[in-house]
Amino acid sequence: QDGSANEFLKTDGSGNLSFASVVGGLVGFKHKTATAAQNINSSSFTDTNLTITYTPQDGANNKIYVFLSGQFEQDDSDNNVVQARIKCTGQHTTNIPNSEQRVGLESTGGPDAKSICQFLEDPNISDNNNITYTLQAYSETSSSGDFRVRVSLAFTVFEIASGINQSWVH
């Protein structure tokens, strides 16, 4: 008997051979870094220049994770809170759970570098239609450029095969 595509020959340890599906880890990914600084002068969530559109290979079974890391700047000292989140469009429009967070309070004059790091699952993927992820930001005031995307900010989308242990340690 011949195996099918993406199958391998395995043994059960007692000499019996059979074909089984290959269980991989990383199925696909897309990565983007900010290529230019961008000021967000808004008191409501505004799209940044970090956007990735991803097409799942097996959205019904695999898991999709979004990883955001790097630095941004706050460029004044008006003591305003800055917020960030990951917006979703396409296959669904539910923002990534737990992605909305306070990412800084301006407390010094001049550019003040801050770091952000998130690794979150998108639990709303159900099929292979495109999904677009966009980092959004705002500050409490729109009077000046309070959130500045830096070129060290990076965004990655991972698709991990369903057969891989993906348990979270709590």
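We're numbering straight along the sequence, starting at 1.
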Problem - With sequence neighbours excluded, residues passing salt bridge (charged side-chain N to carboxylate O under 4.0 Å, His left out) with Asp47 - result: Lys87
Exercise for the section: Give a yes or no on whether the backbone of Thr55 and the side-chain of Lys30 come within a donor-acceptor separation of less than 3.5 Å. Expected result: no
Practice task
Answer whether the closest heavy-atom distance between the side chains of Ile131 and Cys88 falls below 4.5 Å.
Solution key: yes
Handout entry: Connected via hydrophobic side-chain network under 4.5 Å: Leu120 and Leu135
Key = yes
Practice task
Could you tell me which non-hydrogen atom of Lys32 sits nearest to which non-hydrogen atom of Thr51, and how far apart they are?
Solution key: CD-O, 3.4 Å
Problem - Donor-acceptor side-chain pairing of Asp127 and Gln91 below 3.5 angstrom - result: yes
Problem - Beyond-backbone contact of Leu153 with Thr33, side-chain heavy atoms, under 4.5 angstrom - result: no
Problem - ILVMFWY network linking Tyr54 to Leu68, side-chain heavy atoms under 4.5 angstrom - result: yes
Handout entry: Donor-acceptor under 3.5 Å (Gln118 side chain, Val66 main chain)
Key = no
Handout entry: same_hphob_cluster(Phe45, Phe155) at 4.5 Å side-chain heavy-atom cutoff
Key = no
Handout entry: Student check: side-chain heavy atoms of Tyr133 and Asp122 closer than 4.5 Å
Key = yes
Practice task
Could you label the plane-to-plane angle of the Tyr65 and Phe119 rings as parallel, tilted or perpendicular, counting under 30° as parallel and over 60° as perpendicular?
Solution key: parallel
Problem - Side chains of His92 and Ile125 in contact at under 4.5 Å (non-hydrogen atoms) - result: yes
Problem - Asn98 atom CG, neighbour heavy-atom count above 12 within 6.0 Å - result: no
Practice task
Report yes or no: does Gln57 contribute a side-chain atom to a donor-acceptor pair with the main-chain N or O of Gly28 at less than 3.5 Å?
Solution key: no
